J.: 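A single structure is presented below for examination.
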Amino acid sequence: MKIPTRLSWPTSIEEARLIQEQWRDRVITSDCLPEIHWVAGVDLGFEDGGKTTRAAVAVLSFPDLKLVETAIAICPTIFPYVPGFLSFREAPPILKALRQLTTTPDLILCDGQGLAHPRRFGLACHLGTLLNCPTIGVAKSRFIGTHNEPAPKRGSWTPLKDGEEIIGAVLRTRTQVKPLYVSIGHKIGLETAIAYVLDCTPQYRLPETTRLADRLASNRIQS
DNA sequence: GCGACAG
DNA sequence: ATCTTGTCGC
């Protein structure tokens, strides 16, 4: 996987917005995936009251979901959390962690939105286009859009819409449990994305990839 | 003007 | 995201 090194990173929200508007057209919203053997989950944790960012990646085999490799990167936090601009805070540490991998993931599940974003360029889209790798946005809560409640059974989903446009899916990954917000990141269609999220979520509300990365990012190694 | 707002 | 214990419900 080619991971960009010399990216010009914005220092203001205004610059960041221009980059989103300039890059949004590069997002590929249909299936353009290889055979999937390795699936990665990425997540962040913060230390020192937010001054330090800890990025973690977990690579699992697919479809058996066995842990294959992990990587962690620690860096000073460079960008504040501003709704709509999450990727400018999270992408640099994630790229640094990905650089340490020996394995090349075929698909990355991101902790946040993809197309379900005000300018259709959430974290998953940004990472996917930077890496030229298929990505899916898997968020634990709604950011934008409206939807009906999906049926209580695992696998049920309803469209997440912004006006008449379908920007994602509200997916029940566990029966009777609060659903997840799934959206296209890059090089994958929504229905395919939903199928992979379900395949990666055999037991808990969150995908195994996310759970593993989350644990590493927050420095909790056991359980 | 007011409320909402991924992590 | 993070600060934090026990507790209610399936």
Side-chain angles (χ1 to χ4, degrees), chain A residues 10 13 16-17 19-20 23-24 27 41-58 72-97 108-130 135-147 151-154 156 160-163 166-186 190 193 197 203-207 209-220 223:
Chain A
I13 297 301
R17 176 179 272 105
I19 288 172
Q20 290 178 331
W23 280 63
R24 54 188 286 174
V27 173
V42 295
D43 195 24
L44 294 192
F46 296 89
E47 300 166 357
D48 307 326
K51 293 189 187 68
T52 304
T53 303
R54 179 187 175 96
V57 187
I72 287 174
I74 309 275
C75 6
T77 303
I78 55 163
F79 212 87
Y81 168 66
V82 181
F85 300 90
L86 181 67
S87 65
F88 296 95
R89 173 178 173 86
E90 303 210 339
I94 289 171
L95 295 180
K96 185 175 175 184
I108 301 176
L109 303 199
C110 307
D111 206 25
Q113 318 284 348
L115 274 191
H117 176 277
R119 288 166 295 284
R120 307 294 182 266
F121 200 70
L123 172 65
C125 299
H126 203 160
L127 277 179
T129 51
L130 280 173
T135 56
I136 302 173
V138 182
K140 295 180 288 297
S141 63
R142 189 197 68 95
F143 183 28
I144 64 162
T146 58
H147 64 86
K153 192 179 176 180
R154 165 180 153 89
S156 309
L160 176 64
K161 301 170 80 173
D162 185 5
I166 296 177
I167 57 175
V170 186
L171 174 66
R172 195 85 67 181
T173 51
R174 272 203 83 177
T175 299
Q176 301 274 30
V177 170
K178 185 180 179 194
L180 297 181
Y181 293 77
V182 176
S183 56
I184 292 170
H186 188 47
L190 183 57
V197 170
Q203 189 173 8
Y204 299 99
R205 178 186 181 226
L206 297 175
T209 43
T210 308
R211 285 166 37 78
L212 269 295
D214 191 52
R215 198 182 305 172
L216 292 165
S218 61
N219 213 358
R220 292 169 281 141
S223 191

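Bear in mind that the values here come from a model prediction, so they are computed numbers and not experimental data. Naming convention: chains lettered A, B, ... in sequence-line order (proteins, then strands); numbering from 1 in each chain.
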J.: Answer with base, sugar-phosphate or nothing: what part of the nucleic acid does A:Gln176 contact at a heavy-atom distance below 4.0 Å?
T.: nothing

J.: Under 4.0 Å, heavy atoms only, any strand: does A:Ile144 hit a base, just the sugar-phosphate, or nothing?
T.: nothing

J.: Going through the checks in order, is the salt bridge (charged side-chain N to carboxylate O under 4.0 Å, His left out) test met by A:Asp43 and A:Arg215?
T.: CA-CA 9 Å; A:Asp43 195 24; A:Arg215 198 182 305 172; over 6 Å; no

J.: Here's a test for you: under side chain to side chain contact (heavy atoms under 4.5 Å, CB included), which of A:Lys51, A:Arg89, A:Glu90 qualifies with A:Thr77?
T.: A:Arg89

J.: Heavy atoms under 4.0 Å, any strand shown: does A:Phe88 hit a base, just sugar-phosphate, or nothing?
T.: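 If one applies the 4.0 Å heavy-atom cut-off, A:Phe88 turns out to touch nothing in the nucleic acid.
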
J.: Think A:Lys140 has a side-chain N or O under 4.0 angstrom from the OP1 or OP2 of B:dG7?
T.: yes

J.: Looking at B:dA4, C:dA1, B:dA6, which one has an atom nearest to any side-chain atom of A:Arg142?
T.: B:dA4

J.: B:dA6 C1' sits how many Å from A:Phe79 CZ, rounded?
T.: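 Distance check: A:Phe79 CZ to B:dA6 C1' gives 15 Å.
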
J.: Check the geometry between A:Phe46 and C:dA1 and answer yes if their rings are stacked (centres below 5.5 Å, planes below 30°), otherwise no.
T.: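 Base of C:dA1: not stacked against A:Phe46.
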
J.: Remember a base hit wins even if backbone is also touched, and classify A:Gly137 as base, sugar-phosphate or nothing at under 4.0 Å, heavy atoms.
T.: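 A:Gly137: no heavy atom of the nucleic acid under 4.0 Å.
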
J.: CZ of A:Arg172 to CZ of A:Arg154: how many Å apart, nearest 0.5 Å?
T.: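 Output value for this atom pair is 12.5 Å.
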
J.: Roughly how many Å is it from CG in A:Leu127 to P in B:dA6, rounded to a whole number?
T.: 18 Å

J.: CG of A:Leu115 to CD1 of A:Ile184: how many Å apart, nearest 0.5 Å?
T.: 5.0 Å

J.: Starting at CD1 of A:Ile136, measure out to CG of A:Leu190 and round the result to the nearest 0.5 Å.
T.: 9.5 Å

J.: In whole angstrom, what separates A:Arg17's CZ from B:dC5's P?
T.: 18 Å

J.: Any side-chain N or O of A:Ser141 below 4.0 angstrom from OP1/OP2 of B:dG7?
T.: yes

J.: Between the base of B:dG7 and the ring of A:Tyr81 - centre-to-centre under 5.5 Å, planes within under 30° - is that a stack?
T.: yes

J.: Give the rounded distance in Å between these two atoms: NE2 of A:His126 and P of B:dG7.
T.: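 Spelled out: NE2 on A:His126 to P on B:dG7 is 18 Å.
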
J.: What integer distance in Å separates A:Arg54:CZ from C:dT2:P?
T.: 11 Å

J.: Give a yes or no answer on whether the side chain of A:Arg142 reaches the backbone of A:Val170 with a donor-acceptor pair at less than 3.5 Å.
T.: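 It does not hold such a pair.
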
J.: For the pair made of CZ in A:Phe85 and P in B:dC5, what is the distance, rounded to whole Å?
T.: 17 Å

J.: Between B:dA6, C:dT2, B:dG7, which one does the side chain of A:Phe143 approach most closely?
T.: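 So the nucleotide nearest the side chain must be B:dA6.
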
J.: Starting at CG of A:Leu123 and ending at C1' of B:dC5, how long is that distance when rounded to a whole Å?
T.: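 It works out to 16 Å between those atoms.
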
J.: Under 30°, 30 to 60°, or over 60°: which ring-plane class applies to A:Phe88 and A:His126, parallel, tilted or perpendicular?
T.: perpendicular

J.: Any chance you could encode DNA chain C as dot-bracket? Rule is Watson-Crick or G-U wobble with both distances under 3.5 Å; [ ] for pairs crossing earlier ones, | for another strand.
T.: ..........

J.: For the pair A:Thr135 (side chain) and A:His186 (backbone), establish whether a donor and an acceptor sit closer than 3.5 Å, ignoring hydrogens and angles.
T.: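 Yes, because the side chain of A:Thr135 sits within donor-acceptor range (under 3.5 Å) of the backbone of A:His186.
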
J.: Rounded to whole angstroms, how far apart are CG on A:Asp162 and P on B:dA4?
T.: 18 Å

